[in-house]
Amino acid sequence: MASKYHNLSDYDINSVPDATGMKVGIVVSEWNNNITGALLEGACATLEKNGVAKDDITVMTVPGSFELIFGATQMAKTNVDAVIAIGCVIRGDTPHFDYICEGTTYGLARLNATQEKPVIYGLITTNDMQQALDRCGGKMGNKGDECAVTAIKMVDYARKMGKLAAVH
Ligand code: DLZ
């Protein structure tokens with residue numbers, strides 16, 4: 001989680017499994033696209049740095065963060081090994097923020113628990129634009145990098161569990 005103790009881009013490359021051959025689907029929300037675009041760039045750069053081929057990254061856009069649920073559900077049905085959902089919700093003057101954040105988070109969590117592929121939560125929820133900027137390549141790093149590393153680790157985890165299940 002982003003906090004003053006954790007720069008989102010701070011990871012030990014040696015602790016990341018080799019991602020050669022992994023296929024990753026990324027669903028990106030168009031709302032606040034100055035933020036989501038930077039998160040997407042960070043995610044793609046980190047996936048490629050760790051061995052994912054450019055052609056093995058599938059990117060699709062959806063209008064808003066709430067649509068990430070449907071977008072990620074459909075993406076998980078394709079031949080990707082993991083899905084990263086990227087969005088940014090910034091608090092406004094009404095309770096709308098809370099409904100979108102809760103609905104999207106619940107939807108993605110449910111999806112993560114109810115099908116076979118890992119779904120990575122790349123939803124930034126902030127009080128203002130500056131906090132969002134800080135988390136897409138600013139002083140808090142880039143949450144897109146963190147999502148990419150998490151996706152690679154979870155695909156590796158799923159593969160290991162698949163091998164274990166085959167033995168038992
Ligand atoms: C409507 C809305 C608002 C007010 N704010 C955001 C936001 O900060 N970030 C975001 O990704 N989407 C926002 N949306 C759009 C909703 O996610 C959704 O697209 C619409 O409610 C239509 O389902």
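We count ligands from 1, going down the list as the structure has it; atoms in each ligand are counted the same way.
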Checklist entry - Does ligand 1 have an atom that lies less than 4.0 angstrom from a heavy atom of Cys88? => result yes
Item to check | Hphob cluster co-occupancy, Val62 + Leu39, side-chain heavy atoms under 4.5 angstrom | outcome: no
Next on the checklist: One pair to check against side chain to side chain contact (heavy atoms under 4.5 Å, CB included): Asp55 and Ile57. What are the steps and the verdict?
Outcome noted: CA-CA 5 Å; Asp55 287 348; Ile57 304 173; over 6 Å; no
Checklist entry - Would you say His96 and ligand 1 have an N/O pair spaced under 3.5 Å apart? => result no
Next on the checklist: Taking CZ in Arg159 as the centre, count heavy atoms belonging to other residues, nucleotides or ligands within less than 6.0 Å. Is the count above 12?
Outcome noted: yes
Item to check | Value rounded to 0.5 Å, distance of CZ in Phe97 from OG1 in Thr126 | outcome: 6.5 Å
Checklist entry - At a 4.0 Å threshold, what atoms of ligand 1 neighbour a non-hydrogen atom of Asn32? => result 7 (C), 8 (O), 9 (N)
Checklist entry - About how many Å separate CG of Asn50 and CG of Asp18, when rounded to the nearest 0.5 Å? => result 8.5 Å
Checklist entry - Looking only at protein heavy atoms, which one is nearest to atom 11 (O) of ligand 1, and how far off is it? => result Ser65 OG, 2.6 Å
Checklist entry - To which of Phe70, Phe66, Trp31 does the heavy atom nearest atom 15 (C) of ligand 1 belong? => result Trp31
Checklist outcome for this item: Looking only at protein heavy atoms, what sits closest to atom 16 (C) of ligand 1 is Ile100 CD1, 3.8 Å
Checklist entry - Which ligand 1 atoms does Ser29 reach within 4.0 Å, using its non-hydrogen atoms? => result 11 (O)
Checklist entry - Got Val59 and Leu40 here, is their nearest side-chain heavy-atom distance under 4.5 Å? => result yes
Checklist entry - Backbone, side chain, both or neither: what part of Val89 comes under 4.0 angstrom of ligand 1, heavy atoms only? => result both
Checklist entry - Counting only heavy atoms not in Met60, do more than 12 sit closer than 6.0 Å to its CE atom? => result no
Checklist outcome for this item: The closest protein heavy-atom partner of atom 8 (O) of ligand 1 is Ile90 N, 3.2 Å
Checklist entry - Which ligand 1 atoms, with their elements, are less than 4.0 angstrom from a heavy-atom of Glu67? => result 18 (C), 19 (O), 22 (C), 23 (O)
